[in-house]
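We're numbering straight along the sequence, starting at 1.
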Amino acid sequence: MNAPYISISVITLAVLGLLVLVVAIRRNRGEQHEPNYRVFFTLGIIWLPIGIATDNPGLWGMGAVFLIIGLANRNKWKKERGWSDLTDNERRFKVALIGGLLALALLSLVAYYLLSSGTFGG
């Protein structure tokens, strides 16, 4: 067995264990979380055409399920808050998240360019 598979397995188990721990703590506190059904609809709108275009039944199947869940619960959609309605901490978090995702996307493009040009043994 290769070392990367072992590392991936350990990381996956750690993340799953953390997820189970968070769910258990939230249940003990009695916190109820209502899902954002508008996000389900948006995921369905995005995944369905991507799955059809790439001929990937997993993506278009999940896209169809998310789309149906979102539409079935359309009456539970919450009104999205505008940027001016957010607190300072929420704005900072969103800016940091967008910046981090943008940096990750740029880093991915640079890595793709370097690997495809043969600079790093591609």
Side-chain angles (χ1 to χ4, degrees):
M1 189 172 219
N2 293 336
Y5 294 123
I6 294 172
S7 300
I8 291 171
S9 299
V10 168
I11 291 170
T12 303
L13 287 175
V15 169
L16 286 175
L18 210 68
L19 183 65
V20 167
L21 183 66
V22 167
V23 169
I25 289 172
R26 286 187 92 168
R27 285 208 176 153
N28 284 341
R29 289 184 185 170
E31 295 178 21
Q32 292 294 326
H33 179 71
E34 172 102 18
N36 188 345
Y37 292 107
R38 179 178 271 178
V39 172
F40 281 118
F41 176 75
T42 304
L43 282 173
I45 289 290
I46 293 170
W47 285 17
L48 186 65
I50 291 174
I52 292 170
T54 59
D55 198 28
N56 186 336
L59 281 179
W60 67 257
M62 288 302 295
V65 168
F66 286 147
L67 190 68
I68 291 168
I69 290 172
L71 286 175
N73 294 293
R74 188 161 178 357
N75 58 340
K76 297 177 186 173
W77 285 11
K78 297 174 186 164
K79 181 166 173 41
E80 297 293 325
R81 294 187 307 168
W83 190 260
S84 60
D85 298 332
L86 299 176
T87 65
D88 286 339
N89 285 338
E90 289 172 329
R91 273 190 230 140
R92 275 190 231 116
F93 176 75
K94 284 194 174 193
V95 167
L97 184 65
I98 291 168
L101 290 173
L102 183 61
L104 186 62
L106 289 174
L107 183 64
S108 299
L109 287 173
V110 168
Y112 175 75
Y113 172 74
L114 292 175
L115 290 173
S116 66
S117 67
T119 305
F120 287 108

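- With sequence neighbours excluded, the residues forming a side chain to side chain contact (heavy atoms under 4.5 Å, CB included) with T12 are I8, L16, listed by chain and number.
- Contact record, G44 with P49: O-CD, 4.2 Å, taken as the closest heavy-atom pair.
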For residues 63-77, which side-chain N or O atoms pair as donor and acceptor with protein atoms under 3.5 Å away, sequence neighbours left out?
| unit_1 | atom_1 | unit_2 | atom_2 | d |
| --- | --- | --- | --- | --- |
| N73 | ND2 | I69 | O | 3.0 |
| W77 | NE1 | G70 | O | 3.1 |

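- Between atom CD of residue E90 and atom CG of residue D85 there is a gap of 9.5 Å, rounded to the nearest 0.5 Å.
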Using residues 93-114 as the side-chain source, report each donor-acceptor pair under 3.5 Å to any protein atom, sequence neighbours left out, with the distance given to one decimal.
| unit_1 | atom_1 | unit_2 | atom_2 | d |
| --- | --- | --- | --- | --- |
| S108 | OG | L104 | O | 2.9 |

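- The line from CZ of F41 to CD1 of I46 is 10.5 Å long, rounded to the nearest 0.5 Å.
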